[in-house]
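Here the structure comes first, spelled out in structure tokens, and everything after it is commentary.
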Amino acid sequence: MATVANFLAKPISTVVPRPSSAVASTSSFVFFNHKTNPLFRRKNLPKRLFSAVKIKAGAASPGKVGTPPANDEKVQKIHSGEEFDVALKNAKSKLVVAEFATSKSDQSNKIYPFMVELSRTCNDVVFLLVMGDESDKTRELCRREKIEKVPHFSFYKSMEKIHEEEGIEPDQLMGDVLYYGDNHSAVVQLHGRPDVEKLIDENRTGGKLIVLDVGLKHCGPCVKVYPTVLKLSRSMSETVVFARMNGDENDSCMEFLKDMNVIEVPTFLFIRDGEIRGRYVGSGKGELIGEILRYSGVRVTY
């Protein structure tokens, strides 16, 4: 099995500069002084995805208390803290998206149909609805979960809250669901250095380009660009392998980010024939597509 040092056999001749439009679309963090890292001293390296959710006239909405919305059978209604805990437990390792709403909230009524549409498409995600003004039990659940404003979306895995949002628009909800739900076969999910090494070994020959999307769990720009990564992974599957790693998932991932001198996220590493050919930093969709085409051997003019 290859090591990181092995697939860095050749230095990157140039590091792709981040376009000015992407400056506001990255999250920065500094790990260390890469000049002191021996690895870099030695190598001298610095189903069709919905593009827009369409809602038909008369689509489901939270409506009045006690009146279940139509056509939203995949969204589970929660009426107490006990039901909520059972739903989280039964979901096991699946992503759970819980919307906390009220019957009198215009924003709740506006966003709910989009969650219903997502529930029909994302079979690997469990969707819950808690109407905070339904009863004393649901009000107590909202207090327990520290819900202050609605609509509020909480994301859970293995009964642990991993992310939360409030007052978001449909496109952001869609991006969050896709980003935190990891059962997408077209994008290889990497959970540590051994996974990276295995993927590189499997694609050392054959000429396919590996695009490794490196991010963090709570990174807005990472979430923003991920739907584009999913679309590209399906349309370019014959020539490009797409993979993803969250650097803060565990110590192995974080160590890999340090070795790769990843300072801002999202960072996309382009790897071919066991060697890193370049990188792109930012969440600009057009710029990312251009860089992927360039490293795939397609002539791109700017």
Centre of Tyr226's six-membered ring, under 6.0 Å away, within 45 degrees of the axis: is that where NZ or CZ of Arg244 sits?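 Checked: cation-pi criterion met.
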Is the shortest side-chain heavy-atom distance between [X] and [Y] below 4.5 Å?
X: Cys222; Y: Ser283; answer: no
X: Ile210; Y: Leu199; answer: yes
X: Thr267; Y: Leu269; answer: yes
X: Leu190; Y: Val188; answer: yes
X: Leu95; Y: Tyr179; answer: no
X: Asp273; Y: Thr205; answer: no
X: Ser103; Y: Met131; answer: yes

Around Lys92, counting heavy atoms of other residues, nucleotides and ligands shown, do more than 12 lie under 6.0 Å from its NZ?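 It does not: Lys92 NZ has 12 such atoms or fewer within range.
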Salt bridge present between [X] and [Y] (N-O < 4.0 angstrom):
X: Asp201; Y: Arg204; result: yes
X: Asp136; Y: Arg139; result: yes
X: Arg277; Y: Glu275; result: yes
X: Arg120; Y: Glu117; result: yes

Do [X] and [Y] get their side chains close enough for a donor-acceptor pair, meaning under 3.5 Å?
X: Glu99; Y: His152; result: no
X: His191; Y: Glu249; result: yes
X: Asp133; Y: Thr102; result: no

Check: Tyr180 ring centre within less than 6.0 Å of Tyr156 ring centre: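 No - the distance between ring centres of Tyr180 and Tyr156 does not fall below the 6.0 Å cut-off.
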Exercise: identify the closest heavy-atom pair between Phe100 and Ser154: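 Between these two residues, the closest heavy atoms are CE1-OG, 3.8 Å.
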If you look at every heavy atom in Ile292 and Ser296, which pair is closest and at what distance?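 Ile292 and Ser296 have their closest heavy atoms at O-OG, 2.7 Å.
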